Every structure is written in C-alpha cells, then in structure tokens.
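Here is the structure we will look at.
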Amino acid sequence: MDCLFCKIVAGEIPSTKIYEDEYVYAFKDIDPQAPFHAIVIPKTHIKSAAEITAENSFLVAKVFEAIAKIAEQENLEKGFRVVNNCGEQGGQTVGHIHFHLLARRNLAWPPG
Ligand code: AMP
Ligand code: ZN
C-alpha cells in the first residue's frame with residue numbers, strides 16, 4: 001500500500017523512533033510545531049478517525065496507553081496536547097490515522 005506512515009512502520013522510510021510496542025509506533029515529526037512533537041500511530045493502517053469501528057477502536061486505546069508511557073519516558077510532567085486532524089477541513093495531510101503529541105511550550109487555546 002502506498003502509505004507514508006506504513007512505510008515508516010516497515011522501516012522503508014527512515015524515522016527517529018521515540019516509542020514502539022506490538023501495536024503502536026511513535027516517531028519525531030519532521031516539521032516540529034513545538035520543542036517536543038511526536039507522531040503516534042497504530043501500526044495497522046486505518047485511514048482516519050472517521051474509519052474507527054467497533055473492530056479497530058482498541059487500537060486508539062493502545063495509542064493512548066502509549067502516549068501515557070511516552071509522557072513518562074520523556075518527562076512531560078508539565079503537560080502536553082494530543083491532536084488528531086481528520087479529513088481535508090480537519091487539516092489531515094497523511095492518510096494513516098495519527099496523533100500529534102506536542103509539549104514543552106505553552107499551547108494556545110482555542111487552537112484556530
Ligand atoms: P497531518 O497534517 O495531521 O496529516 O500531520 C502529518 C504530519 O506528518 C505533519 O506534522 C508532518 O510534518 C509529518 N510528517 C510528514 N512526513 C513525515 C516524515 N517522513 N517523518 C516524520 N514526520 C512526517
Ligand atoms: Zn498506512
């Protein structure tokens with residue numbers, strides 16, 4: 001499948017790994033929007049949040065379990081933000097569901 005993030009999981013495109021387990025892979029965003037900016041993904045291809053079903057929703061839980069571990073590992077005790085962009089108007093540019101994990105600066109709200 002011609003998917004950038006599937007290729008990153010397969011090691012066909014290089015990435016800077018932050019965390020990995022059976023279900024989840026996390027790596028540094030190539031264009032960081034905060035001093036800490038990771039992309040956290042299920043290893044299984046799911047196109048977007050709009051494709052979450054009763055069968056695959058456990059992978060979202062696995063992503064959030066991983067995020068809690070990464071926050072501990074990376075000492076993000078001051079807080080962080082998790083962002084999912086979904087679809088064209090949601091700002092999604094890569095068609096493999098992913099969660100931005102942003103930290104180490106004050107993050108504006110509302111995000112705009
Ligand atoms: P989104 O706009 O929500 O679809 O987010 C896609 C994110 O993937 C952007 O923040 C990009 O900077 C990031 N990205 C794109 N290609 C790569 C890559 N090869 N390695 C790491 N991050 C990437
Ligand atoms: Zn994919």
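Remember, it's 1-based here, ligands and their atoms both numbered in the order they're listed. Quick caveat, the model's predicted, so the values are computed rather than measured.
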Check whether any side-chain N or O of Gln33 sits under 3.5 Å from a backbone N or O of Asp31 as a donor-acceptor pair, and report yes or no. yes
Protein heavy-atom partner closest to atom 4 (O) of ligand 1 - residue, atom, separation in Å: Thr93 N, 2.6 Å
Any non-hydrogen side-chain atom of Asn75 less than 4.5 Å from a side-chain atom of Glu77? yes
To which of His100, His96, Gln92 does the heavy atom nearest atom 3 (O) of ligand 1 belong? His100
Any heavy atom of Ser15 closer to ligand 1 than 4.0 angstrom? no
Mind checking whether Leu4 contacts ligand 1 via backbone (N, CA, C, O), side chain (CB onward), both or neither, at a 4.0 Å heavy-atom cut-off? side chain
Determine, using the 4.5 Å side-chain heavy-atom cutoff (strictly less than), whether Ile41 and Ile46 are members of one ILVMFWY cluster. no
With heavy atoms under 4.0 Å as the rule, classify the contact between Phe99 and ligand 1 as side chain, backbone, both or neither. neither
Counting each atom of ligand 1 from 1 as listed, which ones have a heavy atom of Gly91 under 4.0 Å away? 1 (P), 2 (O), 3 (O)
Please calculate the SG(Cys3)-the Zn ion (ligand 2)-SG(Cys6) angle and round it to 10 degrees. 120°
Residue, atom name and distance, where the atom is the protein heavy atom closest to atom 5 (O) of ligand 1: His98 NE2, 3.0 Å
Over 60° means perpendicular and under 30° means parallel, so tell me whether His100 and His37 are parallel, tilted or perpendicular. tilted
Looking only at protein heavy atoms, which one is nearest to atom 8 (O) of ligand 1, and what is the separation? Phe5 CZ, 3.5 Å
I'd like to know if Ile70 and Phe27 are part of one continuous hydrophobic network [Ile/Leu/Val/Met/Phe/Trp/Tyr, side-chain heavy atoms within less than 4.5 Å]. no
Would a hydrophobic clustering, with Ile, Leu, Val, Met, Phe, Trp and Tyr connected at side-chain separations under 4.5 Å, put Ile39 with Tyr23? no
Indicate yes or no for a side-chain donor-acceptor contact from Lys78 to the backbone of Ala103 under 3.5 Å, with no hydrogens or angles considered. no
Looking only at heavy atoms of Gln33, does any of them come nearer than 4.0 Å to an atom of ligand 1? no
For the Zn ion (ligand 2), find the closest N/O/S atom belonging to His45 and write down its atom name. ND1
Examine the proximity of ligand 1 to Asp31 and report which part, side chain or backbone, both or neither, has a heavy atom under 4.0 Å away. both
Is it the case that the ring center of Phe5 lies less than 6.0 angstrom away from the ring center of Tyr25? no
Under 4.5 Å between side-chain heavy atoms, counting indirect links through other Ile/Leu/Val/Met/Phe/Trp/Tyr residues: same cluster for Ile67 and Phe36 or not? yes
Is there a polar contact between ligand 1 and Phe27, counting only N or O atoms under 3.5 Å apart? no
Heteroatom of His96 nearest to the Zn ion (ligand 2) (N, O or S, atom name): ND1
Are His96 and His98 close enough that their ring centres sit under 6.0 Å apart? no
For Val94, the atoms of ligand 1 under 4.0 Å from one of its heavy atoms are 4 (O), 6 (C)
Which protein heavy atom lies closest to atom 12 (O) of ligand 1, and at what distance to 0.1 Å? Asp29 OD1, 2.5 Å
Criterion side-chain contact (heavy atoms from CB on, under 4.5 Å) against Thr44, the qualifying member of Asn56, Leu59, Ile97: Leu59
Starting from atom 23 (C) of ligand 1, which protein heavy atom do you reach first, and at what distance in Å? Ile30 CG2, 3.5 Å
